[in-house]
Amino acid sequence: MLCVCHLFLWLSTETLMDSTTATAELGWTVYPWEEVSGYDENMNTIRTYQVCNVFDTNQNNWVRTKYIRRRGAQRIHVEMKFSVRDCSSIPNVPGSCKETFNLYYYESDSDSATRTSPPWMENPWIKVDTIAADESFSQVDLGGRVMKINTEVRSFGPVSRNGFYLAFQDYGGCMSLIAVRVFYRKCPRIITNGALFQETLSGAESTSLVAARGVCIPNAEEVDVPIKLYCNGDGEWMVPIGRCMCKAGNEPVENGTVCRACLSGFFKPTQGDEPCMQCPINSRTTSEGAINCVCRNGYYRTDSDPLQMPCTTVPSAPQNVISSVNETSVMLEWMPPRDSGGREDVVFNIICKSCGGGRGGCTRCGDNVQFLPRQLGLTETRVYISDLLAHTQYTFEVQAVNGVSDQSPYSPQYASVNITTNQAAPSTVSIMHQVSRTVDSITLSWSQPDQPNGVILDYELRYYEKRSVNDTA
C-alpha cells in the first residue's frame, strides 16, 4: 500500500512575470484602463492600473499584459494584488456598480496580439475565474490613508503553446490592479531515500502527479526498485517508491544526503542506513571504506565469529595438574588456564606418552589405553585413564585449546605430569629349556616373562614326580 505523504512543506516556484519589478511603464494594452504610479502595502512606488467608470452602465473595460513565455510550464499560477472601492460608499452610484472583475488568458505561439486582436471578448479569451475582494475600501479609508489590499491566486492549464497573454476585465467597478505575478510551480531538486531527484515541473492539473525517476547517490545502491517520487500540482514531492541504501563500507551522513566511506578504524559489513562501527579489540582496518577489520598479529577470528566480536588468541597452559595413581589407572585433575585467549570455548586434550623400557625416550601410548569420558575435547578439568601397563613410567600432557588454536602456527600450550604405575604380578614364563641332567639332578633355564610388571625378586619353581604306568595300576 502506498503512503500518499508530503515530503516537504515549502513550495518551489519560477516567476514568469512580475509587475512590481518594472522600473518604467509596464506598457500593457488598455481598453480603457489607465496606468499610474501607485504604492504597495509597504508604501513602495510601483506601476499600477486602475479604472473607475462606475457611473456609466454597460462597462466592458480590459487591460492585457505583454506576451508571457511559459518556459515548459503546463499549469500557470497568477497572484493578483488589488483594491476595490465599496460601491455603497460612493454617493449616487447606480446599481450597476461592481466589486468584482474577471481573469482571462489567451494562448499563442508568438507575440502576435494587436490592439484589436484577439477581440476583447470571451472566446477566444478563456475565462479563468471571477475575482472578488475580501475587503473593500471606503471614503473614510481614503481620508485616513488606509490601504486595504486583497491578494488572490488563481491557476489554469493545461497550456501547450509557446506563451500566453493575461487579460483583466472590469464591468463596472472602481478598482486598482496593484501587482500581478505570474509563475509556475515545480518540485525542487532533492535527495531523499538515498536517491537524487532532479527539479521537476508540476503537472497540467492541480491534481496531477508527475513521476520522476531517482538515481542513487554515490556509494549507494538500490534496495527497492523502481526509485520514484511524484510531483503534485502544488510543487510538493509525494508518494515515495523504492529507496537506495549506502553500500557496505559506507555510512549515511548530512541527513542521509551523502554516503561517506567508513573512516580508518571503522567498518560496516553490509548495506543499510546504519553508521559505521568501530573496529573491535585486537583488530584494525587497512584502508578507509572497510567492510571488516583484520586481526592483529597473534590474534584470530573463526568463520563463525561475528565481525563485531573482538579478535582472540590461543589460551595459556592449564594450571596445577595433579595425578592419583591406582595400580594401572590414573585420575588427572587440573585448573583452567590463567588466560582463555578471550574466548569461552576452551577445551582440553590429553596426550599420553609411555617412557622408559629401554626403547630410548617416550612414545605415544597405544590404542589400548582408555580415557573416560574421552581423550580430546574435554570440557571438564578431569579425566580417568585406565588399562595402562604396570610399573611403567608415563608422561601426560594436558593441552588447552580453543576455537582459534588451529589457526595459530604454534602447538597448543600444555602442562605435563609424570607418573609410574604400580607393580603387578608378572606374566607367566612362556619358554623353559633343559640345559643338562644327571642321575640325581637337572639344570634348567628360561627367559624373563614378557610382562614383568615390576622388579622380579625371585622365581618359584615347582616340580612333580612322574609315576610309571605300573605304579598307577
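As a basis for the values below, the full set of heavy atoms in this structure was taken, side chains included, without hydrogen atoms, waters or symmetry mates. Start at 1 with the first residue, then count along the sequence.
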Between [X] and [Y], is there a donor-acceptor pair closer than 3.5 Å when you use the side chain of the first and the backbone of the second?
X      : Y      : answer
Gln319 : Pro336 : yes
Asp109 : Asn162 : yes
Asn150 : Asp134 : yes
Asp129 : Ile131 : no

Nearest heavy-atom neighbours spanning [X] and [Y]:
X      : Y      : answer
Leu378 : Pro373 : CD2-CG, 3.7 Å
Phe371 : Ile350 : CE2-CG2, 3.8 Å
Thr200 : Gln198 : OG1-O, 3.0 Å
Ile291 : Gly249 : CG2-N, 3.9 Å
Ile351 : Gln375 : CA-NE2, 4.4 Å
Cys262 : Asn250 : SG-N, 4.0 Å

- Message: Taking the six-membered ring for Trp, are Phe156 and Tyr105 closer than 6.0 Å centroid to centroid?
- Response: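 Judged by ring-centre distance (under 6.0 Å), Phe156 and Tyr105 do meet the cut-off.
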- Query: Does the ring center of Tyr165 lie less than 6.0 Å from the ring center of Tyr67?
  - Reply: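 Distance test on ring centres: under 6.0 Å, yes.
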Taking [atom1] in [X] as the centre, count heavy atoms belonging to other residues, nucleotides or ligands within less than 6.0 Å. Is the count above 12?
X      : atom1 : value
Asn255 : CG    : no
Arg71  : CZ    : yes
Asp367 : CG    : no
Phe82  : CZ    : yes
Ile281 : CD1   : no
Glu205 : CD    : yes
Arg374 : CZ    : yes

- Task: Please work out whether the ring planes of Phe197 and Trp237 are parallel, tilted or perpendicular, with thresholds of 30° and 60°.
- Result: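 Taking Trp237 first and then Phe197, their aromatic rings sit tilted (interplane angle of 30° to 60°).
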- Query: With respect to Thr312, which candidate in Arg301, Gln407, Arg343, Glu344 satisfies the side-chain hydrogen bond (donor to acceptor under 3.5 Å, both in side chains) definition?
  - Reply: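 Only one option passes, and that is Arg343.
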- Walk me through it: do Ser329 and Tyr384 pass the test side-chain hydrogen bond (donor to acceptor under 3.5 Å, both in side chains)? CA-CA 7 Å; Ser329 63; Tyr384 179 73; 3.2 Å; yes
Would you compute the distance between atom [atom1] of [X] and atom [atom2] of [Y] and round it to the nearest 0.5 angstrom?
X      : Y      : atom1 : atom2 : value
Leu103 : Leu177 : CG    : CG    : 9.5 Å
Glu251 : Leu263 : CD    : CG    : 6.5 Å
Asn282 : Arg296 : CG    : CZ    : 7.5 Å
Lys268 : Thr270 : NZ    : OG1   : 6.5 Å
Glu327 : Leu388 : CD    : CG    : 11.5 Å

- Item | side chain to side chain contact (heavy atoms under 4.5 Å, CB included) between Val180 and Val78, intermediate numbers included | CA-CA 7 Å; Val180 177; Val78 182; 4.0 Å; yes
- Which is it for Thr313 and Val404 under the side chain to side chain contact (heavy atoms under 4.5 Å, CB included) test, yes or no, and what are the steps along the way? CA-CA 7 Å; Thr313 189; Val404 297; 5.6 Å; no
- List the steps, then state whether side chain to side chain contact (heavy atoms under 4.5 Å, CB included) holds for Val330 with Tyr394. CA-CA 10 Å; Val330 62; Tyr394 287 92; over 6 Å; no
- Task: Decide yes or no on side chain to side chain contact (heavy atoms under 4.5 Å, CB included) for Glu254 and Ile191, but give the supporting numbers first.
- Result: CA-CA 11 Å; Glu254 299 181 20; Ile191 295 176; over 6 Å; no
- Item | Ser155 and Arg75: side chain donor to acceptor below 3.5 Å |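 The criterion, which ignores hydrogens and geometry beyond distance, is satisfied for Arg75 and Ser155.
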- Task: Please name the residue in the list Phe348, Tyr414, Phe396 that meets the ring pair (Phe, Tyr, Trp, His ring centres under 6.0 Å) test with Trp334.
- Result: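 Testing Trp334 for a ring pair (Phe, Tyr, Trp, His ring centres under 6.0 Å) against Phe348, Tyr414, Phe396 leaves exactly one candidate, Phe348.
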